[in-house]
Number of protein chains: 2
Amino acid sequence: MSASQFSTKQRLLGAAEALFAQHGFAGASLRQVTAAANVNLAAVNYHFGSKDNLIEAVFRRRLDALNARRHAALAKVESKPGATLEDALEAFIRPALELALDRHGGAAFMRMLARAYAEHDERLRRFLSDNYGHVLREFAVVFHRMLPHLVKEELYWRLDIVAGALTYTMADFGLIKRRAGTSETAHREYTVEHLVGFAAAGLRAP
Amino acid sequence: MSASQFSTKQRLLGAAEALFAQHGFAGASLRQVTAAANVNLAAVNYHFGSKDNLIEAVFRRRLDALNARRHAALAKVESKPGATLEDALEAFIRPALELALDRHGGAAFMRMLARAYAEHDERLRRFLSDNYGHVLREFAVVFHRMLPHLVKEELYWRLDIVAGALTYTMADFGLIKRRAGTSETAHREYTVEHLVGFAAAGLRAP
DNA sequence: CCCCGTATCAAACAAACGTTTGAAGGATAG
DNA sequence: CTATCCTTCAAACGTTTGTTTGATACGGGG
């Protein structure tokens with residue numbers, strides 16, 4: 001009785017992602033997760049060691065790719081001579097929005113990420129900072145160059161807030177159906193432009 | 001051993017607010033809450049009946065006043081002939097920001113509210129909608145008049161997203177120390193202006 | 001064939017959860 | 001003083017939690 005083309009590990013990650021998005025990390029129990037994945041309860045601790053490790057694995061599965069794409073997009077922006085703040089923000093936002101609109105659980109992951117932001121959990125923050133902080137620091141350097149009027153401390157908490165607001169917004173965008181008559185790519189382009197302007201306004205303020 | 005000028009009920013509400021903000025509704029246990037409030041465990045069910053009722057009471061304590069102030073501010077805007085979208089947004093935002101900057105647990109409450117938004121919990125959404133939805137609908141009517149290019153459905157989910165992003169942002173603002181050399185009121189005025197522009201951009205887009 | 005490492009399973013573990021109970025204070029009114 | 005009501009208390013209730021255990025099945029290599 002496996003009833004799926006995916007391995008136990010993959011099914012666990014998928015079910016955990018969906019249930020963490022819906023009920024939170026504390027609210028979704030391992031029994032719910034393993035039942036949704038059609039897997040024995042003990043499989044979580046066998047494959048991941050603990051619930052906390054499962055949570056981290058769910059993040060890793062998506063964030064490794066997301067940060068790689070953000071890093072590559074930022075590198076391309078930096079190689080361009082006349083790069084603007086909007087270009088850098090697009091390098092930050094577009095990969096995330098594409099992930100949010102991904103049909104295979106992307107929306108669920110984005111809602112989960114938004115919850116993680118809202119939770120301000122110390123353990124989770126350290127995990128994210130340790131594993132993906134270096135890419136955020138690359139962006140901070142570029143933003144700092146483009147916004148010389150901001151002292152570093154001010155820039156950092158603005159980035160923190162803007163990133164959180166963006167994540168929250170993208171999580172909700174994933175829930176919303178596209179307006180009828182709008183193609184997928186047109187919708188995405190419109191949304192990217194919208195969010196970039198939104199974020200730029202927040203960062204450029206005096 | 002009460003060690004406080006406040007009643008058991010008030011101490012419970014305060015401790016619950018702080019711990020729900022920090023660990024979430026499922027993550028903060030009644031034993032943590034009652035310990036922080038220096039109160040017996042059974043006091044929660046004696047005074048509130050259940051944990052869910054305690055959660056609702058924590059919301060009620062702040063939201064009754066917040067919605068009254070929003071309603072009054074909107075009425076004042078409507079009585080003015082040349083009212084703009086920014087005026088209406090300010091009526092929505094300023095009371096919330098003042099709550100977020102309130103020194104007696106306002107920041108904690110705002111973080112709790114942001115978590116409630118991120119959680120998309122059905123029970124909580126119904127409670128908030130039932131008790132405070134009428135004020136939001138008043139705002140929606142005014143916004144609809146000021147943004148005739150948006151069909152009602154589009155306006156509603158934009159409002160939902162904008163309100164969520166604002167709540168999240170204000171929750172973080174509450175955590176951030178004011179920049180040195182800026183007075184409290186100057187900081188607040190700057191932030192209101194900033195957030196109003198932020199939200200207006202999101203609503204006015206085509 | 002047997003062996004061994006991997007994977008799955010039902011069952012049990014202690015701990016923590018929200019909630020309930022019944023008795024004990026403590027103040028106020030008759 | 002007694003009686004009454006509201007409040008607090010320690011203790012226990014039955015569930016549910018994350019985790020661990022030991023047995024069982026599977027499957028290629030010696």
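The sequence lines fix the lettering, A, B, ..., with proteins before strands; numbering per chain opens at 1. Only this structure's heavy atoms are used, side chains among them; waters, hydrogens and symmetry mates stay out. Only a predicted model underlies this, so the values are computations on that prediction, with no experimental measurement involved.
Between A/D52 atom CG and D/dT19 atom C1' there is a gap of 12 Å when expressed in whole angstrom units. Distance, A/L30 CG to D/dT20 P: 12 Å, rounded to whole Å. B/L12 places its CG atom 13 Å from the P atom of C/dG18, with the value rounded to the nearest Å. In this structure, B/N40 places its CG atom 19 Å from P of D/dC6, rounding to the nearest Å. With rounding to whole Å, B/N38 atom CG is found 12 Å from D/dA10 atom P. Computed from coordinates, the A/R31 CZ to D/dG18 C1' distance equals 7 Å when rounded to whole Å. Atom pair A/Y46:OH and C/dT8:P shows a separation of 7 Å (rounding to whole Å applied). Rounded to whole Å, atom P of D/dA10 lies 16 Å from atom CG of B/N45.
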Between A/D102 and A/R62, does a salt bridge (charged side-chain N to carboxylate O under 4.0 Å, His left out) hold up when you go through it step by step? CA-CA 11 Å; A/D102 173 82; A/R62 305 271 188 186; 3.7 Å; yes
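Across every non-hydrogen atom of A/F48 and A/L12, the tightest pair is CE1-CD1, 3.9 Å.
The phosphate of C/dC17 (OP1 or OP2) has a side-chain N or O of B/S29 nearer than 4.0 angstrom. For B/H47 and D/dT8, the shortest distance from a side-chain N or O to OP1 or OP2 is below 4.0 Å. Applying the 4.0 Å criterion to OP1 and OP2 of C/dA7, one finds that A/T8 has every side-chain N and O outside that range. Within the 4.0 Å cut-off from OP1 or OP2 of D/dG18, not a single side-chain nitrogen or oxygen of A/S50 is found.
Residues A/R188 and A/E193 are not paired through a salt bridge, judged by the lack of any N-O separation under 4.0 Å between the basic side chain and the carboxylate.
Summary of the strand contacts: A/L41 and B/K51 both lie near DNA chain C, and taking for each the nucleotide with the nearest heavy atom, the more 5' one is attributed to A/L41.
Ring planes of B/F198 and B/H194: parallel class, angle under 30° (limits at 30 and 60°).
Using a 4.0 Å heavy-atom distance criterion, B/A42 is classed as a base contact.
Of the candidates B/F59, B/F109, B/F25, B/F25 is the only one forming a ring-ring contact (aromatic ring centres under 6.0 Å, His included) with B/F20.
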